[in-house]
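Predicted model only: the values in this text are computed from it and were never measured.
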Amino acid sequence: MNTTDHVTRIVVVGGGYAGTMAANRLAGQEGCDVVLLNARPQFVERIRLHQWVAETGEAAHDLDALLGDGVRLVVGVATLIDTGRRHVVLESGDELPYDRLVYAVGSTSKSGFEHAFTVGDWESAQRLREHLATERGPVTVVGGGLTGVETAAELAEQGLPVRLVCNGPLVPSFGDRGRRATARALDTLGVRVFENRRVAAVGPGSITVVGSGADEEWPSATTVLATGFDIPRLAADSGLTTDPDGRLVTDESLTSVDDPRIVGAGDAVAPSNTPLRMSCQAAIPLGLHAADTVIAAINGAPAQPIRIGFSGQNASIGRRAGVIQMCRTDDMPRSMVISGRLGAFVKEQVCRFVLRGIGIEARRPGRMRGMSRKPRTAAELAQAVAS
Ligand SMILES: Cc1cc2nc3c(=O)[nH]c(=O)nc-3n(C[C@H](O)[C@H](O)[C@H](O)COP(=O)(O)OP(=O)(O)OC[C@H]3O[C@@H](n4cnc5c(N)ncnc54)[C@H](O)[C@@H]3O)c2cc1C
């Protein structure tokens, strides 16, 4: 229970997986005024952006419809968190006062070359989709991680000639069986995979590839970079401690190391300075935990450390196949792999459950749980990965 008659003003910055979960949970807390600030009125289901680009699925949903009754949506972009005055300053010049703030600004596409496209956020996916509406020439996807594989497969299934260039092995985070299953499924769709090659330059209709002897120039009507995600600079610009990539550094309860009124969740935080794999699989339990930490602070209770663990890595390979690489809680691959149509089915159910879970927390705050068989703190996870 709130120990004072005072209404606690909570601003959640960022309406992605972590932020919507946090806002919905907080709305169930008596005596709280919860505002969710998001850059747009839609919830962007980033895990379906490759489908949006290939026109095989929707990725934007009315955000208001996913929020609990007690959450007020404000559409705008935060440019500064003024921790002294406890105000969030918006691009529009408006300000939102807060007593507690949840920082959940997520991540965006990593860009690099002027003539390359990206797929990791709404605006860049939209640009790529518009480009592909008229351009059916050879496509190069750069980056052999999960986003690169999913994007290459989705476009190839729509009849585009696609090559995938990886600067190391294909899906390095998978085990051997998962990697072989992925290679077979990509081959079935006609995707040509080039491992251990680096794209050094991207022109309007070609790329320069380094890796097997002399540099080679290959035709590429569309080049898509899937080489990782960038982190927004809001925390750093606001004078908060961040890791070298710009993630807000927190303790194990997800509280900022600078300011007890600020709690973080999702791709944009580094608990104990050791970020988890950027994923909705981590963002959702982190969002729920961030809300629990805020609620504990309001009630004068001790904040609990996060207990989190991974279960698997999923890649859709077009609409008819998928590879589910089962993992240990520290995200290291196990021998078990689910592939083919069953893999596609499991992946689709995971995607649906994510949206459904946000709705469940909206209707019944406190209902959703983190999803781990043998949870650990972030520091324990990092230690397990390092050993
Ligand atoms: C193609 C693709 C496939 C993926 N597949 C998977 C998968 O299968 N499994 C998985 O676990 N993960 C997957 N991911 C990764 C996953 O989407 C991200 O890790 C996840 O979205 C992170 O959630 P988040 O809540 O931290 O941030 P986000 O979902 O990025 O949400 C952040 C929100 O904050 C808003 N925002 C940012 N800055 C501001 C600001 N200054 N003011 C106001 N609003 C702001 C943004 O507009 C956005 O709405 C995939 C990603 C991509 C691109």
Side-chain angles (χ1 to χ4, degrees), residues 6-27 32-46 49 52 59-111 118 120-127 129-130 229-242 245-248 256 258-259 261-269 283 287 290-291 294 358 362:
H6 166 77
V7 171
T8 305
R9 296 164 304 179
I10 305 172
V11 175
V12 179
V13 186
Y17 299 93
T20 49
M21 276 297 194
N24 282 342
R25 174 153 296 186
L26 287 163
C32 290
D33 172 39
V34 183
V35 168
L36 176 65
L37 173 67
N38 194 49
R40 61 183 62 75
Q42 292 85 20
F43 172 85
V44 175
E45 205 183 355
R46 287 179 67 203
L49 280 177
W52 166 249
H61 308 271
D62 180 14
L63 184 48
D64 243 337
L66 291 170
L67 299 178
D69 286 342
V71 184
R72 185 160 55 92
L73 174 64
V74 172
V75 177
V77 174
T79 53
L80 183 78
I81 301 166
D82 184 338
T83 54
R85 291 169 55 240
R86 281 195 254 137
H87 278 224
V88 179
V89 181
L90 275 58
E91 209 171 50
S92 62
D94 290 347
E95 299 197 357
L96 290 171
Y98 67 85
D99 300 306
R100 307 267 166 196
L101 183 137
V102 177
Y103 185 80
V105 295
S107 59
T108 58
S109 300
K110 192 188 277 294
S111 52
T118 52
D121 55 64
W122 178 253
E123 287 76 14
S124 49
Q126 181 68 30
R127 271 194 297 277
R129 182 176 152 123
E130 281 166 12
F229 299 146
D230 273 341
I231 305 292
R233 302 295 306 169
L234 180 61
D237 291 348
S238 303
L240 295 160
T241 301
T242 58
D245 293 323
R247 297 180 188 86
L248 177 76
S256 155
D258 307 298
D259 187 336
R261 293 180 178 274
I262 297 180
V263 174
D267 282 2
V269 300
V294 171
I358 294 172

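Residues Ala125 and Leu49 approach most closely at CB-CD2, 3.9 Å, considering heavy atoms. Here the shortest heavy-atom pairing between Ala78 and Val13 reads CB-CG1, 4.0 Å. The nearest pair of heavy atoms linking Ala268 to Gly106 is CB-O, 3.5 Å. Closest of all the heavy-atom pairs between Pro232 and Ser107 is CD-CA, 4.0 Å. The heavy-atom pair separating Thr242 from Ala236 by the smallest distance is CG2-N, 3.6 Å. Between Gly246 and Arg233, the shortest heavy-atom contact is CA-NH1, 3.7 Å.
No donor-acceptor pair under 3.5 Å is formed between the side chain of Asn24 and the backbone N or O of Asp69. No side-chain donor-acceptor contact under 3.5 Å links Arg261 to the backbone of Arg100. Remark: the backbone N or O of Val263 is not paired with any side-chain donor or acceptor of Ser256 at under 3.5 angstrom. Of the possible donor and acceptor atoms, one in the side chain of Asn38 sits under 3.5 Å from a partner among the backbone N and O of Gly15.
Residues Leu26 and Cys32 have side chains not in contact (no heavy-atom distance under 4.5 Å, counting atoms from C-beta outward). Within the 4.5 Å cutoff, the side chain of Val11 has no heavy atoms near those of the Val102 side chain. Here the side chains of Leu234 and Val105 are in contact, with some heavy-atom distance below 4.5 Å. Counting heavy atoms from C-beta on, the side chains of Asp82 and Tyr98 never come closer than 4.5 Å. Taking 4.5 Å as the limit, every side-chain heavy atom of Leu67 sits out of range of all side-chain heavy atoms of Phe43. Residues Leu37 and Val12 have side chains not in contact (no heavy-atom distance under 4.5 Å, counting atoms from C-beta outward). When side chains are defined from C-beta on, Ile81 counts as touching Tyr103, because their heavy atoms get closer than 4.5 Å.
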Let me see the working for Gln126 and Trp52 under side chain to side chain contact (heavy atoms under 4.5 Å, CB included), right down to the final yes or no. CA-CA 8 Å; Gln126 181 68 30; Trp52 166 249; 3.2 Å; yes
In sequence, state the C-alpha distance, the side-chain angles, and the governing distance for Arg72 and Val74, and then conclude on side chain to side chain contact (heavy atoms under 4.5 Å, CB included). CA-CA 7 Å; Arg72 185 160 55 92; Val74 172; 4.1 Å; yes
Carefully, step by step, assess His6 and Asp99 under the rule side chain to side chain contact (heavy atoms under 4.5 Å, CB included). CA-CA 10 Å; His6 166 77; Asp99 300 306; 3.4 Å; yes
For Val294 and Ile10, what are the C-alpha separation, side-chain angles and deciding distance, and is it a side chain to side chain contact (heavy atoms under 4.5 Å, CB included)? CA-CA 9 Å; Val294 171; Ile10 305 172; 4.0 Å; yes
Let's go through Arg86 and Glu95 carefully: what are the C-alpha distance in whole Å and the side-chain angles of both, what is the deciding distance for salt bridge (Lys or Arg N to Asp or Glu O under 4.0 Å) to 0.1 Å, and is it a yes or a no? CA-CA 10 Å; Arg86 281 195 254 137; Glu95 299 197 357; over 6 Å; no
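Here the straight-line distance linking atom CZ of Arg9 with atom CG of Leu101 works out to 12.0 Å at 0.5 Å rounding. Atoms OG and CG, from Ser111 and Asp230 in turn, are 6.0 Å apart once rounded to the nearest 0.5 Å. Rounded to the nearest 0.5 angstrom, Glu91 CD and Thr79 OG1 are separated by 7.0 Å. Within the model, atoms CG of Leu248 and OG1 of Thr241 stand 8.0 Å from one another, a figure rounded to the nearest 0.5 Å. Between the CZ atom in Arg127 and the OG1 atom in Thr118 there is a gap of 6.0 Å [rounded to 0.5 Å]. Atoms CG and OG1, on Asp33 and Thr8 in that order, are 9.5 Å from each other to the nearest 0.5 Å.
No donor-acceptor contact under 3.5 angstrom links the side chains of Thr83 and Asp259, judged on distance only. A donor-acceptor pair shorter than 3.5 Å cannot be found between the side chains of His61 and Gln42. Judged by distance alone, the side chains of Ser124 and Ser109 do bring a donor and an acceptor atom under 3.5 Å apart.
Geometrically, Arg46 engages Phe229 in a cation-pi contact, judged by NZ or CZ lying under 6.0 Å from the ring centre and within 45° of the ring axis.
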